Protein chains: 4
Amino acid sequence: MREKNDGKYNKILQAAIGVISEKGLDRTSITDIVKQAGVAQGTFYLYFPSKKDLIPAIAEDLLSLTLEKIKNETNQKHGFWEIVQTLIHETFELTKSYKDVIVLCYSGLAIVHSMEKWETIYTPYYSWLEKVLQSAVSKGEIISSLDINWTARLIINVVESAAERFYIAEEEGDVTACKKETFSFLQRALSKN
Amino acid sequence: MREKNDGKYNKILQAAIGVISEKGLDRTSITDIVKQAGVAQGTFYLYFPSKKDLIPAIAEDLLSLTLEKIKNETNQKHGFWEIVQTLIHETFELTKSYKDVIVLCYSGLAIVHSMEKWETIYTPYYSWLEKVLQSAVSKGEIISSLDINWTARLIINVVESAAERFYIAEEEGDVTACKKETFSFLQRALSKN
Amino acid sequence: MREKNDGKYNKILQAAIGVISEKGLDRTSITDIVKQAGVAQGTFYLYFPSKKDLIPAIAEDLLSLTLEKIKNETNQKHGFWEIVQTLIHETFELTKSYKDVIVLCYSGLAIVHSMEKWETIYTPYYSWLEKVLQSAVSKGEIISSLDINWTARLIINVVESAAERFYIAEEEGDVTACKKETFSFLQRALSKN
Amino acid sequence: MREKNDGKYNKILQAAIGVISEKGLDRTSITDIVKQAGVAQGTFYLYFPSKKDLIPAIAEDLLSLTLEKIKNETNQKHGFWEIVQTLIHETFELTKSYKDVIVLCYSGLAIVHSMEKWETIYTPYYSWLEKVLQSAVSKGEIISSLDINWTARLIINVVESAAERFYIAEEEGDVTACKKETFSFLQRALSKN
DNA sequence: GATGAATGAGAATTCATTCAT
DNA sequence: GATGAATGAATTCTCATTCAT
């Protein structure tokens, strides 16, 4: 595989995201993707070993975008609850923008049969939050009797599923309320009494 | 479509669950399914409009099994936290047994593009938990300042993802700890003080 | 085969004409026809040996309708040219009304591989016109140096193809002019000097 | 679609004509055609969008062959009636040789629902005959009070149907008589007194 | 006669992948 | 590296026909 920032790798990846988001995974052929990307049929295989390797690549792209965004926004924030608030906000925003890509990534679960890839993709995100939690514990912002690793995963799951229920399942309600409810839930679950 | 309890509908459905669990979705052809079910090729299309309509049907089957099991096990339990503990336990058990089917159902998200179907399938499960929460509120077992509908969905989501992370993503760690952490998390988030 | 005027035979035949005219021959299944006819799948085979036997039956139906109509209208007419004029008029009318059925019958040429059936169907029409020509010859209305059999076929062909070019190929022009041109052509071809 | 004179397009077309003539349209599968053509299954779809698009292509091929032949044979002929005689003769010859292909083309009427394609295919043939008629009019060989366009179509139709009745419907009689009758019919209809 | 669920052979079409240029 | 015509295996789905009721 070539450099990620090589022109054609990204052209193909972005074309794939675009076409698959629009037409769905099984309705999209390599031909559709290369047409959209403006490269030749065979060029695809210079950058991706096979079609199914697209999905982890897309997921990775989305996840690294997410993490970058969240790290960026929480850069200046030092209070734990401020960070959580930002995390919630950014997750909702990204879910709104990329809901088709997210659905696509879910389907990757069934196609890329090994979940290890998934874990690898999420690892940097988990690690970052674990550090944040560690710091919050040591500053006494949250209770200390919790398993940092599990809690990091729980938090990300709570926030992501709330956002997905809102934007993907299109449940009724108002965003602000939903975000607030999510925040309160986490606050009750983590803060010292 | 015929009655759900018609012999052939179920024969095909169970055969599909079996074969797809084993071989994965795209590796499974209609031919594989009908062979396993012992019916003719064309018979499949008498009961399912197309291959992709199998997935919601499988999901529905799994969900109704889950709900039945959980209702059964919580039948004698009256305390809210006892029910939650059972919910966690049963979800982990079912996830262990049916992880291939669950993965398959996720892929349905991308194939059956409308989330409405998914919502419809989950509705009875949500309703049941909403009632349980309502009762817990009125008994003063949990705080009253929460959105019942939203919380029901969140609980199910949190528990399911924990189980999936454990059994499907095969994260390291010990089940009991994982279940306990999930329980504590919910308890802190919902119980009074 | 049952009586032609048996209720179900005709129900199926008319349903077939309707559905095939609308959807085209290869897009129409027996299922479509029996649904439209309001009879059971198996009932079709009580009246038609197979699907391909439908087309000659439809053609026969159309031809007998045509002949009946023309005979009727020419009943009171005694002059040969009056009869030709009526023949032209009725052929144009019927072509307008039944153009889809006519196209369908043409395709029957390829499906019912033996043309004998076609000849059998047209035979009564040819015979009738041969008699008319015979009488015209003996009355001195047309030249006598012509082969009655070939001429009957030529006339029918000239009139039918003119009507088909007008209504099916949708060539431009005005009906009256087209009919007049057809009449003049025949008149020049057949009349004395 | 590639160039008509591309090797594979023609290989497939000629193979299709061969196989379909022999086995009939519905008895012929794409597999039969590509086997005969010596190309891969998928290659067919590189040149024809679908099976039914074969028929207009075959018709076009036959028509251009016909026109070429007739133009060739009438090259040296200058008298109008000589040309008509050649037209009749060649049409009969070609009908004899290609009757299976002709039957196939008729079925195209029902399959390719739009008549426009048919008109387009015949256009050069019509145009050529229109010019011939025009010239005959100006030379005073035929009457001038006729619609050139309409008459061109009618002549082609009359001659083709006569040939088809003879070779395809296998009517009894002798070819020479049939051709002569057709010629006389046209002669009486068109020539100046 | 009438029914309609079941059949299963068969076909068209798709599409990931290759490879000579 | 890039191309894109060619490949051909694999698969879904259709539908005429049957037959037990």
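Model, not experiment: these values are computed from the prediction. We name chains A, B, ... by the order of the sequence lines, and we start the count at 1 in each one.
Following rounding to the nearest Å, K11(D) (NZ) and dA5(F) (P) show an atom-to-atom distance of 16 Å. Taking atom CD1 of I33(C) as the reference point, atom P of dC15(F) lies 11 Å away to the nearest angstrom. Regarding K35(D), its NZ atom lies at a distance of 14 Å from the C1' atom of dA9(F), rounded to whole Å. When the P atom of dA10(F) is taken as reference, atom CG of D32(B) falls 12 Å away, rounded to whole Å. Spacing between atom CD1 of I55(C) and atom C1' of dA16(F) amounts to 13 Å, rounded to whole angstrom units. Nucleotide dA5(F) holds its P atom 14 Å from the CD1 atom of I12(D), rounded to whole Å. Whole-Å rounding puts the D53(C) CG to dA16(F) P distance at 13 Å. Rounded to whole Å, the distance from CG on L46(C) to P on dG4(E) is 13 Å.
Across all their heavy atoms, I33(C) and T28(C) have their closest contact at CG1-CG2, 3.8 Å.
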For nucleotides 13-21 of chain E, read 5' to 3', which letter fits each nucleotide if B means a protein heavy atom sits under 4.0 Å from the base, S means only the sugar-phosphate is that close, and - means neither?
BB-SBB---
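The local environment of OH in Y98(D) is sparse, with at most 12 non-hydrogen atoms from other residues, nucleotides or ligands closer than 6.0 Å.
Side-chain N/O atoms of K8(A) include none lying less than 4.0 angstrom from OP1 or OP2 on dG1(F).
Checked against ring pair (Phe, Tyr, Trp, His ring centres under 6.0 Å), Y122(A) has the following partners two or more places apart in sequence or in another chain: Y126(A). Every residue two or more places apart in sequence or in another chain that forms a ring pair (Phe, Tyr, Trp, His ring centres under 6.0 Å) with F44(B) is listed here: F48(B). Applying the salt bridge (charged side-chain N to carboxylate O under 4.0 Å, His left out) test to D61(C) and every residue at least two apart in sequence or in another chain returns nothing. Residues passing the side chain to side chain donor-acceptor pair (under 3.5 Å) test with T31(A) are Q41(A), sequence neighbours excluded. Every side-chain contact (heavy atoms from CB on, under 4.5 Å) that S50(D) has, sequence neighbours left out, goes to K52(D), D53(D).
Under the salt bridge (charged side-chain N to carboxylate O under 4.0 Å, His left out) criterion, no residue pair touches residues 38-48 of chain A, with sequence neighbours excluded. Listed by first and then second residue, the salt bridge (charged side-chain N to carboxylate O under 4.0 Å, His left out) pairs that reach into residues 30-39 of chain C are K23(C)-D32(C), sequence neighbours excluded.
Stem analysis of DNA chain F (Watson-Crick or G-U pairs, both distances under 3.5 Å, runs of at least three) returns E:2-21 with F:2-21.
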